[in-house]
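Letters go in sequence order (proteins before strands), and every chain restarts at 1. Side-chain atoms are counted along with the backbone in the values below, which use heavy atoms only and exclude waters and symmetry mates.
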Amino acid sequence: MLVLGALMFCSGLFVVLTKKNTIMVLIGIELMLNAANLNLVTFSRFDPQALQGQVFSLFVITVAAAEAAVALAIVVKVYKYFKTSDLDRVKSMKG
Amino acid sequence: MIVLVASMQNPGGLAEQLQRLKEGLHFMLPEIGIVITIILLVVYDLLFQKNKSVGLAAILFSALSFLLVFQVLSFLPEANALPLFEGLVTHSAGANLFKIGFLLSLLVALLMAVTSRKDSLHYFDSSEVLVCLLGVLLGAFLLVMSSNLLMIYVAVELVSICSYLLTGLGKGKKKSEAAIKYLLYGAAASAVMLYGMSWLYGLTGSIDLNSDSFKIGLDYAVVVPLNIAVFMVLCGLLFKLGSFPLHVWAPDVYRATPLPTVAVFSVVPKLAALLVLLRLVAATSATHFDWQTWLGILSIGGMVVGNFSALWQDNAKRMLAYSSIAHAAFLLAGVSIMNRTGLEATVFYALAYLLMNLAAFYLIQMVENKVGSTSYEQLKGMGKKIPYVSVLLLIVMVALTGLPPTVGFNAKLYLFSAVYDEFGRSESTILLWVLLVGLLNTVVSLFYYIKIPYLLFFKEGEGNVAPGAYTIRALIPGTLLVLSVLLLFFRSDWFVDLLNSINFVL
């Protein structure tokens with residue numbers, strides 16, 4: 001499970017760093033979050049006090065949903081002004 | 001949430017637990033107050049159709065002033081740190097000091113919004129922006145108290161999501177662009193932080209930073225994964241601190257958002273993240289992670305990047321963004337000292353930075369109200385037309401540089417002497433480099449800070465704007481802030497005594 005989590009995290013990070021489409025980047029972030037969830041649930045098995053990790057992952061799922069909602073709203077807004085969701089073409093200001 | 005965590009840590013005795021929770025609630029009054037204010041604002045917004053701004057402003061200002069007074073009155077420097085809700089949050093005097101600072105900065109930001117004709121509609125027309133601002137405040141309040149990885153994550157996300165919304169709310173191409181950049185950087189940084197936290201939990205078997213099992217777990221943990229995990233958690237905090245190398249979002253966000261919001265962004269999440277970082281450093285001491293080297297390197301990088309980028313800016317807002325990156329680097333230098341003197345110097349610097357930055361933003365807002373923009377081109381020659389505000393701005397810029405007679409000088413002096421003392425004790429080369437680069441960068445920063453007064457006084461502008469006089473009401477807060485910046489130079493011992501008396505158990 002930990003290996004799977006690490007794989008998911010790495011592929012998520014890879015997607016975030018290489019993809020140009022906003023939606024793909026968001027999917028990558030989601031993968032990273034789920035990798036962390038997987039880790040938390042796995043480690044929770046060895047926890048003497050039990051359940052800390054599982055409760056943590058419940059919170060992460062909730063927060064991730066809220067974050068995704070805000071993210072998609074902002075993506076729609078960006079699309080309205082730029083007519084694209086390609087990150088390379090969203091630049092009217094220099095970093 | 002609280003009941004869940006409580007019941008999983010201490011099964012049995014539900015009545016006893018509920019009793020403890022009830023006792024804990026007493027210490028959460030400021031947070032509960034913020035939540036009630038948010039609800040009031042939303043309900044008021046729904047009930048009334050027209051002319052909402054007066055009512056919204058009334059609710060907000062009365063609530064914030066009440067909270068400020070309450071917080072100041074209940075401030076006990078000698079109070080011991082008190083874990084609440086089964087160690088989920090810690091009630092401490094240090095956190096309370098920061099909370100007073102946060103309330104002050106939100107009040108100043110809202111005063112800025114009221115004085116500005118352009119922005120006041122955006123802020124007080126409906127409740128959205130105000131609710132998001134209060135959300136940032138609530139997140140920061142929880143963040144400075146949190147002593148548990150779960151709590152840190154939830155509070156960081158609360159601050160972050162409200163900040164994305166604040167950046168994105170309103171019309172404009174720039175706003176949407178800044179918001180999407182902020183969001184993608186922020187979400188990625190917090191995902192990395194979360195993954196680091198999951199490993200910290202795995203390695204130690206606890207998410208409570210103060211618990212025994214966390215400390216014992218750290219001693220037995222394998223070194224390499226532990227270092228990677230701590231570094232990942234550091235990433236998320238560096239993002240909130242707006243520090244090198246996760247600072248790229250700052251200039252665009254600062255440029256696109258209205259000044260009052262920027263004033264909040266540049267102070268509240270930054271200082272909250274600083275306190276959590278201090279707590280994390282205290283929890284995982286030097287034997288587990290080489291904090292001094294890493295923080296030293298990050299601090300040097302941040303000073304160089306922040307100061308040298310600020311030299312080439314043509315807009316006061318972007319310049320202040322890079323200046324805040326540089327100041328974050330100075331704060332990191334303070335954290336890297338890792339002893340009591342260093343802690344005090346860092347907190348002193350943080351609070352001085354809060355005052356100076358609020359004054360700077362307030363005055364820039366006043367200039368913008370008359371000139372209509374913050375670009376350097378527009379500022380030229382305005383000094384003769386608005387002499388009083390320009391002189392105040394000169395004083396604040398001197399303070400941000402770190403020259404006497406302002407509190408900026410004391411802050412830098414304490415910080416550098418703390419670094420030097422620790423270098424003399426431990427002979428670690430990284431601290432010497434931090435000291436040298438810091439001194440060099442103070443000189444560099446003089447050029448871009450003084451550029452604004454230079455433009456105001458010595459350049460001839462087109463003179464197409466004919467500003468009227470400021471109202472006394474608008475001048476008072478700015479004058480008070482600048483006076484406090486000056487006063488704390490002459491009586492900095494008040495501040496130091498206060499810090500000495502505080503029981504800084506993190």
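Options A:Leu33, A:Leu31, A:Thr62 differ in how many heavy-atom pairs under 4.5 Å they form with chain B, and the most are formed by A:Leu33. Contact count against chain B (heavy-atom pairs under 4.5 Å) is highest for A:Asn39 among A:Asn39, A:Leu13, A:Thr22. Chain A forms more heavy-atom pairs under 4.5 Å with one residue of B:Leu203, B:Leu158, B:Leu183 than with any other, namely B:Leu183. When A:Glu30, A:Glu67, A:Met32 are compared by the number of non-hydrogen pairs under 4.5 Å with chain B, A:Glu67 comes out ahead. Residue with the most contacts toward chain A among B:Ser160, B:Ala188, B:Gly186: B:Ala188 (heavy-atom pairs, distance under 4.5 Å).
Contacts between residues 71-79 of chain A and chain B, counted as heavy-atom pairs separated by less than 4.5 Å, involve A:Ala71, A:Ile74, A:Val75, A:Lys77, A:Val78.
B:Glu177 has a carboxylate O that lies under 4.0 Å from a charged side-chain N of B:Lys181, or vice versa, which qualifies the two as a salt bridge.
Donor-acceptor pairing under 3.5 Å is recorded for the side chains of B:Glu157 and B:Ser190.
For the side-chain contact (heavy atoms from CB on, under 4.5 Å) test with A:Ser57, the passing option among A:Asn34, A:Leu38, A:Leu40 is A:Leu40; the others fail.
Between B:Tyr185 and B:Trp249, the ring centre distance reaches or exceeds 6.0 Å.
Contacts between B:Trp199 and chain A at a heavy-atom distance below 4.5 Å involve backbone atoms as well as side-chain atoms. Heavy atoms closer than 4.5 Å to chain A are found in the side chain of B:Tyr153, but not in its backbone. The part of B:Met232 that comes within reach of chain A is its side chain, from C-beta onward, which places non-hydrogen atoms under 4.5 angstrom from that chain.
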Yes or no on side chain to side chain contact (heavy atoms under 4.5 Å, CB included) for B:Ser323 and B:Leu320, after CA distance, side-chain angles and deciding distance? CA-CA 5 Å; B:Ser323 123; B:Leu320 282 173; 4.2 Å; yes

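Although no hydrogens or angles enter the test, the distance criterion places no donor-acceptor pair under 3.5 Å between the side chain of B:Ser309 and the main chain of B:Gly306. For the pair B:Ser146 (side chain) and B:Asn148 (backbone), a donor-acceptor distance under 3.5 Å is absent. For the pair B:Thr257 (side chain) and B:Val253 (backbone), a donor-acceptor distance under 3.5 Å is present.
More than 12 heavy atoms of other residues, nucleotides or ligands lie within 6.0 Å of CZ in B:Phe231, so this atom counts as buried by the packing criterion.
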